[in-house]
Amino acid sequence: MKVVSVVGARPQFIKAAVLSPRLREVAQEVLVHTGQHYDPEMSAVFFESLPVPRPDYTLHAGSGSHGAQTGRMLEALDPILQKEAPNWVIVYGDTNSTLAGALAAAKMQIPVAHVESGLRSFNRAMPEEINRVVADHLAARLYCPTQQAVDNLGREGIRQGVVLSGDLMDVLVDRTPDDPGVFSRYPVQPGRYVLATVHRAQTTDDAMSLQSVLGALGQLPYPVLLPLHPRTRQKIAQFGLEGLLARSVIPVPAVGYREMITLERHAWAVVTDSGGVQREACRLGVPTYILREETEWGELVDTGQAVLTGCDPHRIVRAVTEGQARPHSLAGLADPVRLIIDDLLQEEL
Ligand code: UD1
Ligand code: UDP
């Protein structure tokens, strides 16, 4: 079995670090890095510190409008897929790299396997929602992390090829030990800080939203460590919001995966608009506050482990200060990696 896996953004390098090594025990994998993320702290750090294989191809798509970025990826993927002629193309999640991988493969009649399929925020203003819907409707095998994801696909008429696999990320979170140096590198103490990440276009590209969120972070009961996505760093500078980074908000460059998990595990609370971080924090049993009005990980809110706060500063400060989130251990499926690989092999027979 030959597989081309398409990755390009931070969370996809992390997911490939879980699937690729085991996939390579039974199949030939060609890894394509679209180049969507390219700064060392958004890309190289994960290839250096996690068992994600070196890419066979890097497309250098870089940043730009959705159309330009996705178009560059599509154009570069065509000859690679033609040359490699894989049995499967694997795509992860909901980024523009996911969309390009799925679209390029489907147009060449190559079956697509979508990992982290079926998630829905039901908000089409999110570019990620469009990417998910399209990828799911093109995919032949749809690996769903949750039962809600399976149900979402059913409501869209997708029942064939749907597999409840569980979430790959659970595997990695559970086996990632603490980075012992973290608390000497950052000026926070275990259990006595809030970890925040902010990078969604909806939050960062609107000056009012970004201002509200940064202002709220400065009013929380503990210091806030804020690893910055480059997009957020650029927007803070563009909108002149540096003054809102009060002494209690500590911006640092984006961190590596093991550092991040250590920081999540020992945080008093996690405040985030990230899909992956909200899920990980709940898995780790840390109270989680989501800076959005809806989430594609609906179970986390339904069970009270995570609370939606939107970008309204009063709601954020109140929810976090009152400790409205009620963490409890989040069950996962036994071995999502085995389920996915066995299913792909089975389909090949
Ligand atoms: C993308 C995904 C989002 C995911 C996130 C993971 C889409 C539509 N969105 O958002 O779902 O949560 O990745 O982190 O695919 N930039 C740099 N250096 C980099 C990468 C980006 O400076 O290495 C800056 C550029 O100014 C760029 C901006 O960040 O324009 C946004 O990058 P982009 O890849 O378009 O989207 P993300 O916000 O990273
Ligand atoms: N992450 C990281 N360093 C950071 C911020 C996030 O390693 O500074 C990890 C995080 O632990 C999770 C993944 O990146 O595994 C989530 O990616 P991101 O928030 O960029 O995207 P999303 O999940 O929202 O698509």
Side-chain angles (χ1 to χ4, degrees), residues 10-11 13-15 17-18 41-42 45-46 48-50 167-199 213-214 216-229 232 245-291 295 297 299-301 303-309 316-332:
R10 170 167 69 185
F13 310 139
I14 297 170
K15 284 164 195 150
V18 187
E41 80 264 28
M42 297 300 288
V45 67
F46 301 104
E48 284 156 13
S49 62
L50 291 172
D167 185 9
L168 277 186
M169 298 301 291
D170 288 349
V171 179
L172 198 54
V173 171
D174 294 352
R175 73 168 188 227
T176 299
D178 276 355
D179 175 341
V182 159
F183 294 104
S184 57
R185 289 196 291 277
Y186 300 109
V188 289
Q189 293 168 18
R192 299 181 64 79
Y193 64 95
V194 172
L195 179 69
T197 75
V198 182
H199 77 277
V213 167
L214 296 177
L217 294 180
Q219 295 173 55
L220 298 182
Y222 284 113
V224 177
L225 193 67
L226 181 65
L228 283 177
H229 187 295
T232 317
L245 299 173
R247 262 203 312 198
S248 58
V249 181
I250 306 155
V252 295
V255 302
Y257 180 75
R258 192 171 165 197
E259 277 188 304
M260 187 66 186
I261 293 298
T262 308
L263 289 166
E264 287 176 25
R265 192 178 275 133
H266 296 283
W268 178 71
V270 166
V271 178
T272 186
D273 61 3
S274 156
V277 174
Q278 64 183 266
R279 168 81 188 175
E280 288 165 351
C282 288
R283 176 85 181 168
L284 291 164
V286 177
T288 304
Y289 300 89
I290 304 170
L291 299 163
T295 173
W297 294 99
E299 294 88 345
L300 306 180
V301 174
T303 54
Q305 302 172 82
V307 169
L308 295 168
T309 63
I316 299 168
V317 174
R318 185 153 173 229
V320 180
T321 309
E322 288 179 356
Q324 289 177 5
R326 299 268 170 258
H328 57 78
S329 92
L330 181 62

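The chain is numbered in sequence order, starting from 1.
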What pairs with [X] under side chain to side chain donor-acceptor pair (under 3.5 Å), at least two apart in sequence or on another chain?
{"X": "Glu322", "result": "Arg318, Gln324"}
{"X": "Thr197", "result": "Thr272"}
{"X": "Thr176", "result": "none"}
{"X": "Gln278", "result": "Thr295"}

- Item | Any donor-acceptor N/O pair, Tyr289 side chain to Ala325 backbone, under 3.5 Å | yes

- Item | Qualifying salt bridge (charged side-chain N to carboxylate O under 4.0 Å, His left out) pairs, either residue in residues 247-267, two or more places apart | Asp178-Arg265, Arg185-Glu259

- Listed partners of Ala216 passing side-chain contact (heavy atoms from CB on, under 4.5 Å), at least two apart: Pro313, Ile316, Val317

- Task: Could you tell me which residues satisfy side-chain contact (heavy atoms from CB on, under 4.5 Å) with Pro253, sequence neighbours excluded, listed by chain and number?
- Result: none

What residues form a ring pair (Phe, Tyr, Trp, His ring centres under 6.0 Å) with [X], not counting sequence neighbours?
{"X": "Tyr222", "value": "Trp268"}
{"X": "Tyr193", "value": "Phe183"}
{"X": "His229", "value": "His37, His199"}

- Message: According to salt bridge (charged side-chain N to carboxylate O under 4.0 Å, His left out), who are the partners of Glu41, at least two apart in sequence or on a separate chain?
- Response: Arg233

- Quick one: list whatever passes salt bridge (charged side-chain N to carboxylate O under 4.0 Å, His left out) with Arg192, sequence neighbours left out. none

- Any Pro287 side-chain heavy atom under 4.5 Å of Val320 side chain: no

- Would you say Leu217 and Leu226 make side-chain contact, with heavy atoms under 4.5 Å? yes

- Message: I need the single residue from Asp167, Ile261, Val173 that forms a side chain to side chain contact (heavy atoms under 4.5 Å, CB included) with Arg283. Which is it?
- Response: Val173

